[in-house]
Colleague: 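The structure's right below; bear with me while I get my questions together.
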Amino acid sequence: MTERTAISPTRQEDFPEWYQQVIAAADLAENSEVRGCMIIKPWGYAIWERMQRELDRRIKAAGHQNAYFPLFIPLSFLEKEAEHVEGFAKECAVVTHHRLEAKEGRLVPGAPLAEPLVVRPTSETIIGAAFARWIQSYRDLPLRINQWANVVRWELRPRLFLRTSEFLWQEGHTAHQSAEEAEAEALRMLRLYEGFLREMLALPAMAGEKTPRERFPGAVRTLTLEVLVQDRKAIQAGTSHFLGQNFARANGITFLSPEGHQEHAWTTSWGVSTRLVGTLIMAHSDDNGLALPPRVAPTQIILLPLIRKEEERAAVEAACGRLLAELSEKSYAGEPLRVEIDARPLAGGAKNWEWVKKGVPLRVEIGPREVAAGTLSVSRRDWSPRERLALSEQQFVANVEQTLAEMQQGFWERALAFQKSHTRRIGSREEFLEFFTPKDSENPEIHGGFAEVPWAGDTALEDKIHEEQKVTIRCIPLEQEPASGTCPFSGRPAKHRVLFGKAY
RNA sequence: CGGAGUGUAGCUCAGCCUGGUCAGAGCGCUUGCUUUGGGAGCAAGAAGUCGCAGGUUCGAAUCCUGUCACUCCGACCA
């Protein structure tokens, strides 16, 4: 039997279209009049705020302070670091004028700027310039700064949340006395992200290092968290860079060491963006719309009063009000429960489906029947939308924390099982080819995943594989067994295992 | 930047080939009644400079020229 799904097409039928439909159905975001720039709607923004709030707490607990740097970066700043220029030049938005003047009924840019300003694609250079002023001595180190900001990278092919010309993010920047300390910091922040993804978003990630081909422009090492989503493509969910002394040299960040030597500081940078919202959608949602792990859900429990006749109203509303009050006393994961009543005069079915599509973990229906029986009809987002459990108010309230914890755990386990079942060890070219080739080339089915391959190749070989197979090395996992086996592409003894995959 | 396509109501689109009862449909919206416990029904209603600018014509959503915008595929993308 095929049940009608709330989202059409389904994931199997057309994943990219499904993704867009989930966003529309859950009312998360929409395209704006400005190409490539999205409008994040209240429900989508609330999810981002949930992430932001928790991440902000963790970053501060790790010893970083928030600050804010300018949106505009002098062109000359960007020119300071050669690789950095090369990496970002093509996607920069540039402000060349100030002042608008009326001409023939139109507004035209008036006064040219002496030096064009680049809208920040990232802030290494302008923060570096500030660091250079702030840091005098080894006593000023380490310096740990974070900022929440928007950045602009002029994208040619935007997709809501995944790749937009403007997006929101957090970027951390630190400076240290030694290479070891800076490297440790980069790794520490990657692990912080990893824990955040695991505990809040129920997303298992492969932690690893980028190959030179995929490295951040100007970085010595780039660390990444790669998440496999339901179409078995990999998405970079967080990144952390050890920048060596490259940006310190470019920006003149020096300090006087205890021995009295003038030295360049060692810096790091790291960030996660609104792309996490897209990752969350693609990892957890189903053919009935968005599905939110309880810890990121802006509303965890929605109460749905069912009122057919006016004379029923008082009793139903009283029951809802009482339940709301009781639940508001409770907490989950150290925070008060987030509960709402949807009192809009809509038909019960329509209202119920709306919250299914929005991904709210628990739905509680209360009508005259429940009032009479002294029960609640409870539905879970991780069950079929039509399933309901009749529970007494007491039972529900007493167990609600545990229920949410179970659901959170369930999201994690499902995602982890998915990642594991689509990660394959591969030892030969043939196997590799088979893994990344759909059975039906006319109408390719969802295929592939992470291919774990012994590797001894270089960038040129990686380029070649990318050209032929459209797959790239997503990362060199940090968790490695001692090198063994032969690289199937170069025939040489492997240096390590790498993960290949299709990338977002 | 290359290839293809699309601009008509808030949204999705039909109409264009063959110019003239072509200003249309569905969804959504408003109002009323009936329904509400499984994504309601009926009735009435509001809503469009047919992307924009020229041209051809008695007459243009429709044909011609130009222009702008967007979408998809490629290239590009920490």
Side-chain angles (χ1 to χ4, degrees), chain A residues 3-8 14 16-17 20-21 24-25 27 30-37 81 83-92 121-122 124 151-159 162-165 167 169 171 209-226 235-243 269-273 275 288-289 304-310 312-313 316 344-357 363-373 375-377 379 384-388 390 466-467 470 472 474-475 503-504:
Chain A
E3 202 170 71
R4 180 185 162 195
T5 55
I7 303 297
S8 160
D14 184 348
E17 182 59 25
Q20 288 184 286
Q21 293 301 327
D27 213 18
E30 62 188 32
N31 280 311
S32 73
E33 290 80 354
V34 185
R35 189 191 141 77
C37 295
E81 214 288 331
E83 278 187 48
H84 200 60
V85 180
E86 213 177 304
F88 284 108
K90 276 176 289 186
E91 32 191 316
C92 283
T122 178
E124 272 74 7
V151 287
V152 168
R153 297 175 189 181
W154 212 258
E155 293 294 347
L156 300 176
R157 289 196 60 189
R159 300 188 63 186
L162 300 177
R163 190 181 297 120
T164 48
S165 292
F167 57 90
W169 79 347
E171 53 178 319
E209 182 170 351
K210 286 293 190 188
T211 59
R213 187 181 185 277
E214 304 273 325
R215 203 180 275 156
F216 176 79
V220 174
R221 300 181 63 187
T222 288
L223 302 173
T224 179
L225 292 167
E226 299 285 325
I235 183 162
Q236 180 170 314
T239 172
S240 182
H241 315 290
F242 168 57
L243 303 172
S269 68
W270 27 275
V272 302
S273 71
R275 197 179 219 206
N288 288 313
L304 302 166
L306 292 165
I307 297 162
R308 292 180 299 178
K309 305 188 186 101
E310 272 311 301
E312 298 166 348
R313 178 175 297 276
V316 171
R344 294 173 304 165
L346 289 179
K351 205 160 35 170
N352 195 32
W353 277 103
E354 220 178 272
W355 292 102
V356 173
K357 289 185 284 192
R363 307 188 302 283
V364 181
E365 289 167 292
I366 305 176
R369 263 187 233 166
E370 283 77 11
V371 172
T375 61
L376 304 170
S377 291
S379 307
S384 153
R386 297 181 194 280
E387 255 178 287
R388 279 180 303 170
H466 176 236
E467 193 150 321
K470 301 293 169 205
T472 47
R474 300 325 305 148
C475 70
Y504 263 100

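Because only heavy atoms are used, hydrogens play no part in the values below, and waters and symmetry mates are left out as well, while side chains stay in.
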Colleague: What integer distance in Å separates A:Glu310:CD from B:U34:P?
Modeller: 13 Å

Colleague: Base, sugar-phosphate alone, or nothing: which one does A:Lys470 contact when heavy atoms must sit under 4.0 Å apart?
Modeller: sugar-phosphate

Colleague: Heavy atoms from C-beta onward define the side chain here; which of B:C77, B:G39, B:C76 lies closest to that of A:Leu156?
Modeller: B:C76

Colleague: Quote, to the nearest angstrom, the C1' distance that separates B:G39 from B:G28.
Modeller: 15 Å

Colleague: Under a 3.5 Å threshold, yes or no: a donor from one side chain and an acceptor from the other, between A:Thr375 and A:Glu370?
Modeller: no

Colleague: What nucleotide among B:A40, B:G39, B:C77 has an atom nearest to a side-chain atom of A:Ala347?
Modeller: B:A40

Colleague: With sugar-phosphate meaning primed atoms plus P, OP1 and OP2, does A:Ser377 contact a base, only sugar-phosphate, or nothing at under 4.0 Å between heavy atoms?
Modeller: base

Colleague: Which nucleotide wins on minimum distance to the side chain of A:Arg308, given the candidates B:G37, B:A75, B:C77?
Modeller: B:G37

Colleague: Describe the nucleic acid contact of A:Arg369 in one word from base, sugar-phosphate, nothing, applying a heavy-atom distance below 4.0 Å.
Modeller: base

Colleague: Among all residues two or more places apart in sequence or in another chain, which pass the side-chain contact (heavy atoms from CB on, under 4.5 Å) test with A:Thr239?
Modeller: A:Thr222, A:Gln236, A:His241

Colleague: Could you verify whether a donor N or O on one side chain and an acceptor N or O on the other, from A:Glu209 and A:Thr224, lie under 3.5 Å apart?
Modeller: no

Colleague: For B:C63, what is the paired nucleotide under Watson-Crick or G-U wobble rules, both distances under 3.5 Å?
Modeller: B:G55

Colleague: Calculate the interatomic distance between A:Lys90 atom NZ and B:A75 atom C1'; express it in whole Å.
Modeller: 10 Å

Colleague: Give me the distance, rounded to whole Å, that separates B:C50 from B:C63 when you measure between the P atoms they each carry.
Modeller: 15 Å

Colleague: Using a 4.0 Å heavy-atom cut-off, does A:Pro368 contact any base of the nucleic acid, only the sugar-phosphate backbone, or nothing at all?
Modeller: base

Colleague: Quote, to the nearest angstrom, the C1' distance that separates B:A43 from B:C64.
Modeller: 46 Å

Colleague: Under a 3.5 Å cut-off for both contacts, is B:G74 paired Watson-Crick or G-U wobble with anything, and if yes, with which nucleotide?
Modeller: B:C1

Colleague: Heavy atoms only, 4.0 Å cut-off, all strands: where does A:Glu370 land among base, sugar-phosphate and nothing?
Modeller: base

Colleague: Would you mind reading off the distance between A:Arg215 atom CZ and B:C77 atom P, rounded to a whole angstrom?
Modeller: 16 Å

Colleague: Taking the same atom, C1', in B:U71 and in B:C13, what whole-Å distance lies between them?
Modeller: 15 Å

Colleague: Choosing from B:C76, B:G37, B:G39, which nucleotide comes nearest the side chain of A:Glu365?
Modeller: B:G37

Colleague: When the P atoms of B:A14 and B:A9 are considered, how many whole Å apart are they?
Modeller: 12 Å

Colleague: Can you tell me, in whole Å, how much space there is between the C1' of B:C52 and that of B:A47?
Modeller: 22 Å

Colleague: If we call it a pair only when both distances are under 3.5 Å in a Watson-Crick or G-U wobble match, what pairs with B:C42?
Modeller: B:G32

Colleague: Using Watson-Crick or G-U wobble geometry with both distances under 3.5 Å, which nucleotide pairs with B:G24?
Modeller: B:C13

Colleague: Could you say whether A:Gln236 or A:Pro158 is positioned toward the 5' end of RNA chain B, judged by the nucleotide with the nearest heavy atom to each?
Modeller: A:Pro158

Colleague: Please pick, from B:C77, B:A75, B:G39, the nucleotide with the shortest atom-to-atom distance to any side-chain atom of A:Ala350.
Modeller: B:G39

Colleague: Tell me whether A:Arg363 is salt-bridged to A:Glu354, with the criterion being a basic N under 4.0 Å from an acidic carboxylate O.
Modeller: no

Colleague: Mark yes or no for a side-chain to base donor-acceptor pair under 3.5 Å between A:Arg35 and B:C70, with no hydrogen or angle criteria applied.
Modeller: no

Colleague: What nucleotide, of B:A75, B:A40, B:G39, holds the atom closest to the side chain of A:Ala6?
Modeller: B:G39

Colleague: If I pick the C1' atom on B:A75 and the same atom on B:C1, what distance separates them, to the nearest angstrom?
Modeller: 8 Å

Colleague: Between B:G7 and B:G20, how many Å separate the two C1' atoms, rounded to a whole number?
Modeller: 25 Å

Colleague: Mind checking A:Ala219 for me? I need base, sugar-phosphate or nothing, with any heavy atom below 4.0 Å counting as a touch.
Modeller: nothing

Colleague: Between A:Gln20 and A:Pro217, who's closer to the 5' end of RNA chain B by nearest nucleotide?
Modeller: A:Gln20

Colleague: Find the distance A:Gln21:CD to B:U12:P and express it as a whole number of Å.
Modeller: 10 Å

Colleague: Find the partner of B:U49: check Watson-Crick (N1-N3 plus N6-O4 or O6-N4) and G-U wobble (N1-O2, O6-N3) distances, both under 3.5 Å, and reply none if neither fits.
Modeller: none

Colleague: Under 4.0 Å between any heavy atoms, over every strand shown, what does A:Gly367 touch: base, sugar-phosphate, or nothing? Just pick one.
Modeller: base

Colleague: With a 3.5 Å limit on both atom pairs, tell me what B:G7 is paired to, counting Watson-Crick and G-U wobble, or say none.
Modeller: B:C68

